[in-house]
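Report on the structure given below.
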Amino acid sequence: MSYTAPIQDMLFVMRELAGLDQLPRLRGCKDVTADVVEHILEENARFSREVLAPLNAVGDREGSRLEGEAVTTPRGFKEAYRQFAEAGWPALEGPPQYGGQGLPKLVGTAALEMWKSANLSFSLGPMLTVGATEALLLRGSDALKKKFLPNMVSGTWMGTMNLTEPQAGSDLALVKARATPEGDHYRVKGQKIFITYGEHDWSENIVHLVLARTPDAPPGVKGISLFVVPKFLVNADGSLGGRNDVQCIKLEEKLGIHASPTCVMAYGEKGGAIGYLVGEENRGLEYMFIMMNAARFAVGMEGLAISERAYQKAAAYAKERVQSRDLGGSGSQAVTIIHHPDVRRMLMSMRAATEAMRALAYVVASALDRTHRHRGEKERQKAQAFVDLMIPVVKGWFTETSIEVASLGIQVHGGMGYIEETGAAQFYRDARITTIYEGTTSIQANDLVGRKIAREAGTTAKAVIKDMKATLRALKAAEGDDFAAMARHLAAGIKAVEQCVGWIVDTYATDIKAVHAGSVPFLKLMGIVAGGWQMARAALAAQAKVATGEGDAGFLKAKIVTARFFADHYLAQAPGLRETVMAGAPGVMALPAEQF
């Protein structure tokens with residue numbers, strides 16, 4: 001089955017929920033009209049369908065290979081990346097002063113969804129380059145920007161980020177890599193693990209952003225600095241010089257994303273790799289989080305993208321697979337399994353979750369655009385607060401949900417779903433890493449309850465709840481059983497979130513372990529209610545269009561039905577999650593460690 005980009009739903013969400021028509025009012029976006037965006041999405045859909053999607057199964061079967069110091073990616077990947085770069089896709093959101101197209105995040109997010117749905121392993125390389133580019137753009141010196149950014153923005157060179165070490169996973173205070181000053185550069189020594197696309201055969205150069213400590217650095221996270229360490233040194237005229245002292249010494253064997261080379265990188269085994277300080281010493285963690293936040297949003301998009309692909313495959317199979325008679329039917333002939341109620345339940349669960357994630361993701365992307373491009377400072381600050389609150393939800397809830405959706409996809413296929421040749425299992429295997437890298441779900445949840453709620457006494461969360469209540473009032477005013485059901489469940493969901501936010505603020509200082517014991521269930525609650533909020537907005541917009549006879553009536557009515565399903569099957573979980581968050585801690589911490 002070939003991947004088909006859900007452009008109709010993408011454009012609906014962009015227009016009705018994410019303010020597509022308002023983009024020309026933002027700085028640098030005067031020519032970004034709805035027609036231009038539609039053309040970009042259609043062309044990207046063609047590229048994703050024709051070039052990237054056919055390589056997805058190939059990459060899963062073949063994987064990347066390490067031979068000596070060189071990594072060879074699967075058949076067709078290098079050529080696909082060349083087409084990707086030549087078509088200008090790496091430069092989509094890039095800064096115009098360095099050759100980028102400067103398009104807003106909302107447009108880039110829709111394009112990113114397509115790449116990740118079509119071929120997740122492929123998409124990881126360009127994704128990390130964008131993060132590295134953003135870090136250099138915001139914190140690099142003018143000399144570093146001039147030396148590296150034009151080629152990184154164009155995709156001629158690619159980028160990575162190097163955080164993890166064998167002894168230092170999420171706890172970066174344990175980083176041991178060293179950087180010793182030497183003239184206008186540093187000599188970097190150390191080993192990094194789990195480096196995505198740390199070595200490959202796609203680009204002329206690979207620009208590594210590496211965390212390391214200088215000789216006089218203070219201990220802990222306050223003593224980490226960030227360095228640019230290119231695979232090949234760059235001459236004064238911009239040409240490539242000799243090979244730097246950095247190499248891939250191992251490729252990890254993984255459960256999924258086989259085509260993406262996950263490398264163990266060795267720096268300085270022959271005397272020291274030449275690196276250049278980004279910004280100031282001892283502020284590396286701060287700078288790395290620029291990349292990290294971009295990557296966390298992008299990984300959340302992976303959850304959405306895999307869910308869409310798994311849903312498409314499952315729905316296609318359900319329309320073809322013939323098995324058993326139709327329940328309640330008069331005939332004796334077997335029917336396709338899409339006629340069976342539980343198969344419908346599974347497909348609707350996949351569809352509703354995917355559409356809710358898309359709606360929330362695009363709204364967050366629109367807020368990201370306002371943080372950088374809105375002309376009013378107050379609006380920029382409001383948008384930034386919303387983004388900060390939602391990034392851990394996008395990363396954590398989307399990726400956890402994608403595992404459930406991909407698992408349902410296997411279940412729809414029955415026994416054939418467990419057989420690799422059908423392809424359903426690949427989505428499940430690929431999805432499994434998304435809850436782990438760029439910060440596990442627990443890390444996202446800790447960030448949500450600690451930094452984003454307790455630290456600011458729930459101010460932003462309460463503002464979002466106020467916006468949710470405005471949508472609830474509109475739901476209550478709408479006519480029909482679907483809207484009444486949505487209103488009932490959204491009201492219960494908002495109440496659950498509001499009560500949990502108040503409990504977190506009141507409890508954090510006196511019983512921090514109790515709050516963190518319920519942090520992941522709270523993240524799920526926030527995701528479900530935020531997703532239900534956006535689905536309610538989508539249903540209201542669809543109903544308004546149906547009333548005026550505008551648009552595709554079939555699509556609009558399906559949107560309302562899907563929103564109703566989300567309310568009945570996902571939002572209905574909110575009261576139970578509230579109980580787990582607020583009263584579930586005693587059982588979590590009760591047993592002594594020795595009893596495990």
Problem - Over all atoms of both residues, closest heavy-atom pair of A314 and G409 - result: CB-CA, 4.1 Å
Exercise for the section: Check the angle between the aromatic planes of H200 and Y197 and answer parallel, tilted or perpendicular using the 30° and 60° thresholds. Expected result: perpendicular
Handout entry: Approximate separation, where rounding is to 0.5 Å, of I290 CD1 and E134 CD
Key = 7.0 Å
Exercise for the section: Report yes or no: does S64 contribute a side-chain atom to a donor-acceptor pair with the main-chain N or O of A259 at less than 3.5 Å? Expected result: yes
Handout entry: Parallel, tilted or perpendicular: ring planes of F12 versus F555, cut at 30 and 60 degrees
Key = perpendicular
Exercise for the section: Provide the full list of ring pair (Phe, Tyr, Trp, His ring centres under 6.0 Å) pairs with a residue in residues 411-448, sequence neighbours left out, each pair given once. Expected result: Y317-H413
Practice task
Any chance you could lay out the salt bridge (charged side-chain N to carboxylate O under 4.0 Å, His left out) test for R46 and E42, step after step, and finish with the verdict?
Solution key: CA-CA 6 Å; R46 182 200 64 77; E42 287 175 349; over 6 Å; no
Practice task
Take L23 and M14 through the test side chain to side chain contact (heavy atoms under 4.5 Å, CB included) and record every step on the way to the result.
Solution key: CA-CA 10 Å; L23 283 181; M14 293 171 85; 5.9 Å; no
Practice task
Report yes or no: do S117 and R309 form a side-chain donor-acceptor pair below 3.5 Å?
Solution key: no
Handout entry: F194 atom CZ, neighbour heavy-atom count above 12 within 6.0 Å
Key = no
Problem - Under 3.5 Å side-chain donor-acceptor pair for D369 and T371 - result: no
Practice task
Would you name the heavy atoms of A18 and S366 that are closest together and state the gap between them?
Solution key: O-OG, 2.8 Å
Practice task
Specify the closest pair of heavy atoms between E438 and K395, including all atoms of both residues, with the distance to one decimal.
Solution key: O-CE, 4.0 Å
Exercise for the section: Taking the side chain as every heavy atom from C-beta outward, state whether L475 and L490 have any atom pair closer than 4.5 Å. Expected result: yes
Handout entry: Residues T336 and K319: side-chain donor-acceptor under 3.5 angstrom
Key = no
Problem - Exercise: identify the closest heavy-atom pair between S48 and Y3 - result: CB-CE2, 4.3 Å
Handout entry: Close side-chain approach of L408 to L347, heavy-atom, < 4.5 Å
Key = no
Practice task
Step by step, work out the side chain to side chain contact (heavy atoms under 4.5 Å, CB included) result for T109 and Y362.
Solution key: CA-CA 7 Å; T109 294; Y362 288 19; 3.8 Å; yes
Exercise for the section: Taking the side chain as every heavy atom from C-beta outward, state whether K192 and L163 have any pair of such atoms under 4.5 Å apart. Expected result: no
Exercise for the section: Walk me through it: do R429 and D60 pass the test salt bridge (charged side-chain N to carboxylate O under 4.0 Å, His left out)? Expected result: CA-CA 10 Å; R429 290 186 288 100; D60 186 56; 2.7 Å; yes
Distance-only donor-acceptor pairs under 3.5 Å for side chains of residues 520-536, two or more places apart:
{"unit_1": "W533", "atom_1": "NE1", "unit_2": "T471", "atom_2": "OG1", "d": "3.0"}
{"unit_1": "Q534", "atom_1": "OE1", "unit_2": "R537", "atom_2": "NH1", "d": "2.8"}

Exercise for the section: Look at K250 together with E199 and state whether they make a salt bridge at an N to O cut-off of under 4.0 Å. Expected result: no
Handout entry: Which atom of I306 lies closest to which atom of A431, heavy atoms considered
Key = CD1-CA, 3.6 Å
Handout entry: For R432, side chain to side chain donor-acceptor pair (under 3.5 Å) partners two or more places apart
Key = T435
Exercise for the section: Could you tell me how the ring of F122 sits relative to the ring of Y81: parallel (under 30°), tilted (30 to 60°) or perpendicular (over 60°)? Expected result: tilted
Problem - Test item: E355 and D9 side chains (from C-beta on) under 4.5 Å apart, heavy atoms - result: yes
Handout entry: Over 12 non-hydrogen atoms of neighbours within 6.0 angstrom of NZ in K495
Key = no
Exercise for the section: Give the intermediate values and the outcome of side chain to side chain contact (heavy atoms under 4.5 Å, CB included) for residues V394 and T399. Expected result: CA-CA 8 Å; V394 168; T399 57; over 6 Å; no
Handout entry: Cationic N near anionic O, under 4.0 Å, E420 to R61
Key = no
Practice task
Answer yes or no: is there a side-chain heavy-atom contact under 4.5 Å between L128 and M158?
Solution key: no
Practice task
State yes or no: are the ring centers of F47 and W115 separated by less than 6.0 Å?
Solution key: no
Practice task
For S402 and E302, run side chain to side chain contact (heavy atoms under 4.5 Å, CB included): C-alpha distance rounded to whole Å, both residues' side-chain angles, the deciding distance at 0.1 Å, then the answer.
Solution key: CA-CA 8 Å; S402 73; E302 292 174 12; over 6 Å; no
Handout entry: Heavy-atom side-chain contact between R358 and E308 under 4.5 Å
Key = yes
Exercise for the section: Please report the closest heavy-atom contact between P392 and K452, naming both atoms and the distance. Expected result: CD-NZ, 4.0 Å
Handout entry: Atom CD of Q573 with >12 non-hydrogen neighbours under 6.0 angstrom
Key = yes
